[in-house]
2 protein chains.
Amino acid sequence: MPESGSTIIGLNAVIVAVRDLSPRVLVVRRASHALATPAQRGEPAAAGESPDALPFGPFGPERHRTLELGLRDWVGRLTGLNLGYVEQLYTFGDRFRDPRELEGGPRVVSVGYIALVREAPLSGSGEAYWRDWYDFLPWEDWRNGRPPVIDTLRDGLQQWIERANDPDTRQARRDRVAMTFSQEDATWDVERVLERHELLYEAGLVAEAQRDRRAWTAQTGSGGVLPPWMEAPLDESWRPPGGAMALDHRRILATAMSRLRGKLKYRPVIFELLPREFTLLRLQQVAEALSGVPLHKQNFRRLVTQARLVEPTGRFDSQTGGRPAELFQFRREVLRERPAPGVGIPALRLVH
Amino acid sequence: MPESGSTIIGLNAVIVAVRDLSPRVLVVRRASHALATPAQRGEPAAAGESPDALPFGPFGPERHRTLELGLRDWVGRLTGLNLGYVEQLYTFGDRFRDPRELEGGPRVVSVGYIALVREAPLSGSGEAYWRDWYDFLPWEDWRNGRPPVIDTLRDGLQQWIERANDPDTRQARRDRVAMTFSQEDATWDVERVLERHELLYEAGLVAEAQRDRRAWTAQTGSGGVLPPWMEAPLDESWRPPGGAMALDHRRILATAMSRLRGKLKYRPVIFELLPREFTLLRLQQVAEALSGVPLHKQNFRRLVTQARLVEPTGRFDSQTGGRPAELFQFRREVLRERPAPGVGIPALRLVH
DNA sequence: GACCGATATGCTCAGGCTGAGCATTACGAA
DNA sequence: TTCGTAATGCTCAGCCTGAGCATATCGGTC
C-alpha cells in the first residue's frame, strides 16, 4: 500500500456567527478530490458540485509563536475578519481523513478551532461564504419541534441495529442509539452533536461514509478488508440527510457545535456573537439558534436578569412590532462574582 | 536566531489513578536539559535533580491508524498498563515549549491525552512511577480547608498586580486574580485549575516561569526583548510553590485536572478509577480526591443513589471500623436513561 | 453481656431554583 | 379608540440542595 510516512500539521477553523435566526458557519468551496466521489445526493449542493469545506491553513512554525496566532493570521488574510473569541477544539489525525493519503499523500493532522464573530462583510482573498450550520446537521434543529428528518434517521439506525448478526452487538448498537437519539423527545441532549454524527457515520447513514467507503474499496479493491468503522453495508435506497462536507469537516463542525452548546451554559461566550447592546429577545434568539431548542421566554429573562448577566441601558428598541424592548448590555463584572456565568444555566431544555 | 523550521508531532499522556486518598499521576524522570536550569527550589525534588515529566511518545503515522491508538501502543509498552478510558485533552504547540528549540531544535507539537486507570503494578520498559498530583499543584487541594500555600500565592499575586505601572493593566490583573483565586473561599471554582496555573506562570510565581525566563535570556542575551508573557521581573526572595515539571508539563497536568473535574459532574468517568464493587464512602473519597473539596456525606449518598447511578449488590464490607458498608456497583443502564449522569452533579461545592 | 467508639444509613426541613402559566403594559396600525 | 403584537411583571407548585438530627450495626472493652 502506498504510504509515505510523512506528517504535516494544519489548522481548521469553525467560524461562527448568528444572522437573524440562523447560526452560520464560514465555508469555502473545495475542489472535489478525484477519489472523493461527489455523493451528496442531499438537498443543498447539486450533484457533481464540490462540497463545502471549512477554511484550512497550514501551520508555519517559523512564523507563528502559537498555533492560535497562526490561525488568526491566515483567517485574517482569507476573510478580513478579526477574530475575537477563539478556542481550540480538537486535533484530528485519523488515517485517511484526507483521501489523498490513499495515493501516497502525507498524513494531515489538523488542529481544529472554533471562533465566534459578529457577522461582518467578508473581504480578503478567499471565496469564503456563510452557510447555516443546520444545512449540514439538520437533525440538530429542534426549535420548531422534532425535525422530520429524525424519523428517517431512526429508520436507518433501526436497520443498522438489525443488520448485526451477533445479539450482543445488536444490544450494544441499541444502547448507543438510545443514548444519543433518545427515544422520548423530552430527553434530547443538545450537547451530543458529535456523538450523534459519529454514530451516523459508523452506521453508514451520512454521505461521507459512502464516499470514504468507495474511496477505500476503489483503492484496495473490492476484495480488500474494510476497516471496522466502515463495516456496515449500505442500503442502496438510502438518501443521506444533510449537506456533505469535504474530508472529515462535518465531524469537525459537529465537534464545534457540541463544544459551543456546552460552553453556553457556564461561560458568557454568547455575547461574542451580539452587538454591544441588544434586547433580551435577541439574546434569547441567539441562544436558541445555537442550542437548537426553544426556550421559555419569561424564564429566560428571569434567568439572565437575576443572574445579573446583563444590565439595562435605559435605551429602547421600538422596531419590535409591539411594546418597545429595553436594550441591555453584558455586565462584565459578573466574571468576578459568579464562578460559572452563562445563559440557560439550567434552561437549555425543551419547552413543552 | 537559530530556527530550523521543522515540526514534529508527539503525544503526552496524563495517566491518572487514585490510591487511598491520593490522586496520582504517572511520571518519568527526565534528564534535565542544559538550558533548563534546575530551578526547583520547592519541596519535592532536591535541587539539581531532574524534574518529573509526563510520559511522552512520538507519533508514528505509518504505524498507527489514529493518534489515540498510537498513544495506547507506546503507553502499553512503557508501563504495561492497558488504558481504559482515554480522552484527548489539548494540543500544545507554543514556540519554545521545548527549550531545545532555542538551539535550533524542531518545534514539537504535542497532543495531550488524559487516561484513567485502576491502579496496578507497573511493568514494561520504563522507569515510570506514581506521584500525587497535588505535589505539583498543592493549591488545588482544599479537602482539609484552605491550603496554607494560598496565602503565599495571594501575596505574590498582589505584588504582581502592583508591579504594573499602568492603572488599566493593574485593574486587569486585579480582575484576573479575583476571577481565578476568588477572594472569598466559598466561591472557589474547582474547575479553573488551568486558568490558575497560567496566571501563576505569567505572574512569574512558578518555577517554570523562572526557568524559561533564564533560558530565554541566556540565549538572546540580557539585552534581548522578553516576550510579553515573561515580562514580570521576579522577586528574588520568592520560593516557587509546588514541584516543577519538565517543559510545559505542569500546564498539561493542569489541563487534565480541569477537564477531569468538569467531566465528573456530567459523565460517569469516576467509575473508571474504581473496582467493580465499592462502598459509597470509597466513591465519595475518590470524588473528593479528584475535585479537591470535601463533600457532605449524606447528601452525596442521596445524590448518587437517587440518580440511580449505582445499585446495591447485597454484599458488605466489614473492614470499616464501624457498621459494615454495603457494596455498590455502577449501573450502566443509567447511560440510556439520563442525559448527563455524573457524581456531584451539583455537589462539587465546599462543605461549610 | 452491657457499653463505647466509629461508621453507615435514614430522615426532615427550610430555602432556592425551575417549569409553567396568567396578567399587565406600551407601542404601531387600522 | 380599538386591535394586534410584543415586552414585561408576577405567582405558585414541585424539585433539588444544604444542613443537621437520629438511628442502626459493627468491633472491641470492661
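We name chains A, B, ... by the order of the sequence lines, and we start the count at 1 in each one. Source: prediction; values computed, not measured. Only this structure's heavy atoms are used, side chains among them; waters, hydrogens and symmetry mates stay out.
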Atom-pair distance (CG on A:Leu295; P on C:dA20), nearest Å: 12 Å
Nearest-neighbour nucleotide for the B:His296 side chain, D:dT17, C:dT18, D:dG20 considered: D:dG20
Carboxylate-amine/guanidinium contact B:Glu195 A:Arg267, below 4.0 Å: yes
Rounded distance [0.5 Å steps], CG in B:Asp132 versus CZ in B:Arg19: 12.0 Å
Separation of D:dT5 P from A:Phe316 CZ (nearest whole Å): 23 Å
Spacing between A:Lys265 atom NZ and C:dT18 atom P, to the nearest angstrom: 13 Å
Aromatic B:Trp188 / basic B:Arg196 pairing, under 6.0 angstrom, 45° off normal: yes
Interatomic distance where CZ belongs to B:Phe300 and C1' belongs to D:dT17 [whole Å]: 15 Å
Separation between CD1 of B:Ile114 and OG1 of B:Thr255, rounded to the nearest 0.5 Å: 10.0 Å
Distance, rounded to the nearest Å, where B:Arg282 contributes CZ and C:dT9 contributes C1': 20 Å
B:Arg24 CZ to B:Ile15 CD1 distance, which is reported to the nearest 0.5 Å: 14.5 Å
Lys/Arg N to Asp/Glu carboxylate O, B:Arg261 vs B:Glu140, below 4.0 Å: yes
Separation of atom CG in A:Asn299 from atom C1' in D:dC10, rounded to whole Å: 12 Å
Whole-Å gap separating P (C:dT7) and CD (B:Gln285): 11 Å
Shortest side-chain distance from B:Arg302, nucleotide among D:dT11, C:dT12, D:dT8: C:dT12
Contact pattern, 5' to 3', of nucleotides 23-30 of chain C - B, S or - by protein heavy atom under 4.0 Å: --BBB---
Selection from D:dT8, D:dT17, C:dT18 that lies nearest to any side-chain heavy atom of A:Ala325: D:dT8
Donor-acceptor contact present, side-chain B:Gln284 to main-chain B:Leu295, <3.5 Å: yes
Atom-to-atom span, CZ of A:Arg301 to C1' of C:dG19 - whole angstrom: 17 Å
